[in-house]
Amino acid sequence: MPHTPLCFVGRSFTNMSNQEYPFGSIESKWQKQWQKEKLFQVNPNGENPYYCLMMFPYPSAALHVGHGRNYIMGDVLVRYKMMKGFDVLSPMGFDAFGLPAENAAIKNNIHPMTYTQQNIKHMKDQLLSWGVGYDWDREVVSCDPSYYKWTQWLFIQMYKKGLAFKKKAEVNWCISCATVLANEQVVDKKCERCDSDVELKNLDQWFFKITDYADRLINDLDHLEHWPERVKTMQVNWIGRSKGTCIDFKIDDSEKSLSVFTTRPDTLYGVTYLVLSPEHPWINSLTEKESTHSEVMDFLKDVQKEDPEKRSSGDLPKKGIFTGRYVIHPLTSEKIPLWIANYVLMDYGTGAVMAVPAHDTRDFAFASAYDLPIKVVIQPPNTSLSSTTLDEAYIEEGVMVNSEDCDGLPNKKASKQITKKLISLGKGSTQINYRLRDWLISRQRYWGAPIPMIKCDSCGYVPVPEEDLPVRLPETVAFKGKGESPLAKVESFLHTSCPQCQKPAKREIDTMDTFVDSSWYFLRYLSPSNDEKIFDSELVNKWLPVDKYVGGIEHAILHLLYARFITKVIYDIGLIDFQEPFNHLFTQGMIVKDGAKMSKSKGNVVNPNLLIQKYGADTQRLYILFMGPPERDVEWNDDGILGAHRFLKRVWTLAKDEEPLIQKILKTHRNALDDIFEDISLTSTDKKIRKKVHQTIQKVSQSMDPKMSFNTAISACMELVNDLYLYDQKDNKLRGPIFTEAMLSLIKLLAPIVPHLSEELWQSWGYNESVFKSSWPTFSKDLTIDDEIELVIQVNGKLKSKIMVPAGLSDKELEEFALQDSRIISYINDKPIRRVIIVKGKLVNIVI
RNA sequence: GCGAAAGUGGCGAAACUGGUAGACGCACUAGACUUAGGAUCUAGCGCCUUCGGGUGUGUGGGUUCGAAUCCCACCUUUCGCACCA
């Protein structure tokens with residue numbers, strides 16, 4: 001049975017054609033045109049500023065479709081905002097220092113600068129062929145002396161404020177990268193970059209005092225409403241602030257006191273033993289005269305054999321030993337045994353803890369294993385705990401018992417009272433501990449910004465005078481040296497004179513972590529070639545904080561924490577008037593193939609250029625955006641791209657078939673299409689199409705920003721195109737204007753997503769200026785409202801019938817319609833109606 | 001172990017504050033046009049069905065007239081934290 005719709009006539013029965021869609025020539029034409037007319041050049045004095053920023057990339061030669069997703073999403077947003085009338089700042093640059101270039105130098109005997117420049121060129125070509133545009137006049141490249149001059153300047157400002165300092169410390173050393181790493185760059189004891197083992201070395205290194213900013217970095221997260229919660233949580237966890245009390249326990253038969261850190265001073269009366277970390281420096285002196293000494297030493301050796309990774313992650317069974325010594329409880333003066341156990345870590349707090357088995361899970365496990373006493377000091381609200389029947393630690397809130405004058409108090413109050421008492425007795429103090437460590441920024445590698453310091457034998461470390469910046473990287477260097485910066489071997493670089501006493505002195509040979517470069521680049525885009533200042537404060541204050549920052553979740557704590565820190569430092573220096581650099585953070589998902597992240601080594605990379613050749617950049621853009629929600633990871637499907645291409649061909653064919661018609665209408669009604677509709681009455685089919693057009697405008701506009709829900713925006717456009725294919729009425733005078741309105745709107749809605757095709761069609765209709773200089777379509781609310789609605793009728797909550805009724809009926813009228821429906825009558829079948837629920841304009845539910 | 005997010009057809013996914021589950025696309029099926037088509041157009045497409053309907057959003061409960069959506073428990077996956085005192 002052929003399907004013959006009443007008023008819709010399928011285009012295949014009439015004048016369908018199969019227009020060729022010459023994407024190749026269209027795309028290169030518009031890519032050149034946009035460059036020529038500098039479409040993305042922003043007016044820095046624009047009145048409606050919008051700063052859209054992509055995380056600046058390390059210049060890599062081989063980009064795959066997964067990278068494309070990132071830049072394409074940013075590009076869509078930029079083009080959309082332009083059409084919405086914003087002055088959009090969309091710059092791009094390169095995080096161009098870093099190890100891959102230096103490793104390439106070692107391996108292939110190519111200079112890092114050459115290698116980097118080649119990659120930058122390559123990457124720009126790739127971005128261009130995706131149709132992704134930037135204000136390239138603002139490009140910043142971090143390995144350029146005109147940029148790193150200011151990275152060095154920033155270092156010196158930090159040095160002057162005491163925020164950059166050198167110290168000897170246990171630091172992470174990546175064997176493969178042959179350099180030290182910051183804590184943030186070590187994940188599960190492996191190098192975040194190359195995944196090889198990291199070992200500890202005791203070295204003299206430069207640090208940034210990020211710990212001074214720990215509180216501000218936590219507190220200001222509250223102001224970042226438009227950041228994903230999980231990124232904020234990760235930062236909070238990373239900083240790891242915990243507020244507590246330091247309590248001194250005098251050691252029995254000694255003048256010394258042991259200090260412990262606890263967040264639960266309320267449990268002080270429940271302490272039944274104290275525990276030292278096996279690395280605690282006092283162990284030897286405390287036990288050497290005890291009979292336990294040799295046993296203790298054996299125990300320490302055993303612990304040393306344990307896997308440090310497992311030990312700090314709690315995977316090992318708890319082991320311990322009694323020292324033979326006692327400490328004195330600061331409030332009760334009781335004698336308390338002093339133990340050593342593998343579950344206490346030396347690098348957090350004081351390396352000693354007070355053990356309260358009744359109210360701490362770990363202490364409970366240990367006390368149970370070693371048969372140590374348990375003393376309950378907090379009672380839960382309803383039951384009553386006893387030390388003999390307790391089968392797990394009670395760590396919740398409750399009321400104090402066995403705690404002298406604190407008895408009867410809620411434990412939170414007791415915390416405060418006990419801390420106060422300890423302070424007044426001189427046996428304690430409040431303290432805040434952080435997990436965050438200072439940021440180690442020295443790198444023993446060549447390809448980075450030299451640390452601008454000079455070491456003089458008589459003056460110590462002296463900063464390079466600002467007028468001597470930049471300290472340039474020497475060009476001729478032997479890269480092979482491992483374990484020490486290659487700069488150590490460059491005599492001409494190394495030897496200089498002390499800026500203070502003029503005596504011969506030596507330059508610092510380490511370079512800076514590349515994360516320093518990327519901590520401030522977003523400020524430089526406003527005045528990229530300024531040689532007088534790090535940036536133009538007035539412009540920066542006008543354009544920042546960044547309105548939308550798009551990047552990967554992998555920077556949740558690295559780059560994003562450092563950039564926030566450096567921004568605060570720059571604020572403190574007085575150069576900017578904001579403390580948080582990025583208002584809205586958007587973390588996009590990856591494209592995965594065969595369940596894994598695309599990578600050369602896995603051989604699952606999808607090459608964008610082949611697809612551009614075969615289907616065009618617009619097809620690739622459309623498909624990438626259509627795949628799924630932008631914040632989620634999506635699986636690449638080779639067949640999916642066909643559907644995207646098919647859709648664009650349908651749009652193209654529709655437009656080309658009707659081109660003369662559209663041109664004719666626009667010739668007479670260029671600016672006032674609406675007038676045509678004013679005095680005429682439309683058929684219901686015409687109305688439906690107009691309604692669809694306006695609903696589509698509404699849907700797409702709502703999807704673009706801030707949701708960036710491009711997948712649903714595209715599906716709305718697809719629906720409209722499907723309807724337009726079925727809309728073909730030769731004899732209807734109104735067909736032209738309605739169709740023209742539809743196509744004009746459609747092309748504008750699609751423009752940010754498939755810019756080349758849209759621009760080409762736009763021009764073919766006689767517009768001389770770019771579609772991106774035109775305004776985003778608006779919808780009329782009235783036209784999106786139906787005059788007839790489909791009323792859903794349920795019986796007992798289950799769908800039983802649907803009928804068409806006029807819009808705007810009262811509840812009573814809706815009920816009447818529902819009860820008259822024959823299907824419903826047979827359902828109800830004379831049963832008594834208990835209730836009728838009506839959802840206006842939608843649904844009637846009859847309860848029987 | 002703790003915390004967060006997610007779980008919907010063969011597949012990618014839609015579904016705004018609870019109100020028609022599966023829009024849109026892929027794959028598949030049928031038809032049309034074709035010398036042909038991996039082109040194009042039209043239609044069908046969760047599962048079961050005795051063609052009336054029944055059933056269905058990880059599992060099991062609950063709240064509600066009504067649950068993919070809210071609550072409780074559990075399972076799976078991903079991510080983050082993990083003996084931090």
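Letters A, B, ... are given to chains in the order of the sequence lines, protein chains preceding strands, and every chain is numbered from 1. In this text the structure is predicted, and so the values were computed from the model without any measurement.
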Between [X] and [N], is there a side-chain N or O to OP1/OP2 distance below 4.0 Å?
X        : N     : result
A:Arg632 : B:U77 : no
A:Tyr348 : B:A85 : yes
A:Arg230 : B:A4  : no
A:Asn845 : B:U20 : no

Chi angles and distances behind the side-chain contact (heavy atoms from CB on, under 4.5 Å) call for A:Ile432, A:Arg241: CA-CA 7 Å; A:Ile432 295 170; A:Arg241 176 192 149 105; 3.8 Å; yes
Counting Watson-Crick and G-U wobble pairs only, both distances under 3.5 Å, name the nucleotide matched with [N], or none.
N     : answer
B:A4  : B:U78
B:A68 : none
B:U20 : none
B:G37 : none

What integer number of Å spans the [atom1] atoms of [N] and [M]?
N     : M     : atom1 : value
B:A4  : B:U42 : P     : 48 Å
B:U40 : B:G46 : P     : 24 Å
B:G60 : B:G7  : C1'   : 16 Å
B:A67 : B:U63 : C1'   : 10 Å
B:C48 : B:G10 : P     : 10 Å
B:U17 : B:G80 : P     : 29 Å
B:A23 : B:C11 : P     : 15 Å
B:C28 : B:U20 : C1'   : 26 Å

Nearest to side-chain heavy atoms of [X], which nucleotide of [options]:
X        : options             : value
A:Leu799 : B:A27, B:U20, B:G19 : B:U20
A:Phe626 : B:A27, B:G25, B:U20 : B:G25
A:Pro629 : B:A14, B:C65, B:A85 : B:A14
A:Asn637 : B:C26, B:U20, B:U40 : B:C26
A:Val634 : B:C81, B:C26, B:A13 : B:A13

Just how far, in rounded Å, is [atom2] of [N] from [atom1] of [X]?
X        : N     : atom1 : atom2 : value
A:Tyr623 : B:A13 : OH    : C1'   : 11 Å
A:Asn722 : B:C24 : CG    : P     : 7 Å
A:Leu560 : B:G80 : CG    : P     : 15 Å
A:Gln702 : B:C16 : CD    : C1'   : 8 Å
A:His555 : B:G80 : NE2   : P     : 14 Å
A:Arg264 : B:A85 : CZ    : C1'   : 11 Å
A:Asp360 : B:C2  : CG    : P     : 16 Å
A:Ile553 : B:A5  : CD1   : C1'   : 11 Å

Comparing A:Lys699 and A:Ile714 on RNA chain B - which has the more 5′ nearest nucleotide: A:Lys699
Nearest-nucleotide comparison on RNA chain B, the residue closer to the 5′ end among A:Lys798 and A:Gln794: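 Closer to the 5' end of RNA chain B: A:Gln794.
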Verdict with supporting geometry, A:Lys692 and A:Lys688, side-chain contact (heavy atoms from CB on, under 4.5 Å): CA-CA 6 Å; A:Lys692 189 72 184 179; A:Lys688 269 189 197 157; over 6 Å; no
A:Arg835 side chain to A:Asn845 side chain, donor-acceptor N/O pair below 3.5 angstrom: no
Short side-chain donor-acceptor distance under 3.5 Å, A:Ser242 and A:Thr263: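 Note: A:Thr263 and A:Ser242 side chains miss the donor-acceptor criterion.
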Name the nucleic acid region contacted by [X], choosing base, sugar-phosphate or nothing; use a 4.0 angstrom heavy-atom cut-off, strictly under.
X        : answer
A:Gly628 : nothing
A:Arg834 : nothing
A:Glu790 : base
A:Ser242 : sugar-phosphate
A:Asn711 : sugar-phosphate
A:Lys800 : sugar-phosphate
A:Val344 : base

Aromatic plane relationship, A:Trp652 with A:Tyr21 - under 30° parallel, 30 to 60° tilted, over 60° perpendicular: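 Taking A:Trp652 first and then A:Tyr21, their aromatic rings sit tilted (interplane angle of 30° to 60°).
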Side chain to side chain, A:Arg264 and A:Ile378, heavy atoms closer than 4.5 Å: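 With C-beta onward as the side chain, the pair touches.
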Exam field: side chain A:Asp633 to backbone A:Met590, donor-acceptor pair closer than 3.5 Å: yes
Base B:C81 to side chain A:Asn237, donor-acceptor N/O within 3.5 Å cut-off: no
Centroid-centroid under 6.0 Å between A:Tyr623 and A:Tyr615 rings: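 For A:Tyr623 and A:Tyr615, the ring centres are not under 6.0 Å apart.
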Syn or anti conformation of B:G7, syn meaning chi within 90° of 0: anti
Conformer about C1'-N of B:G9 - syn within 90° of 0, anti elsewhere: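 Base orientation: syn.
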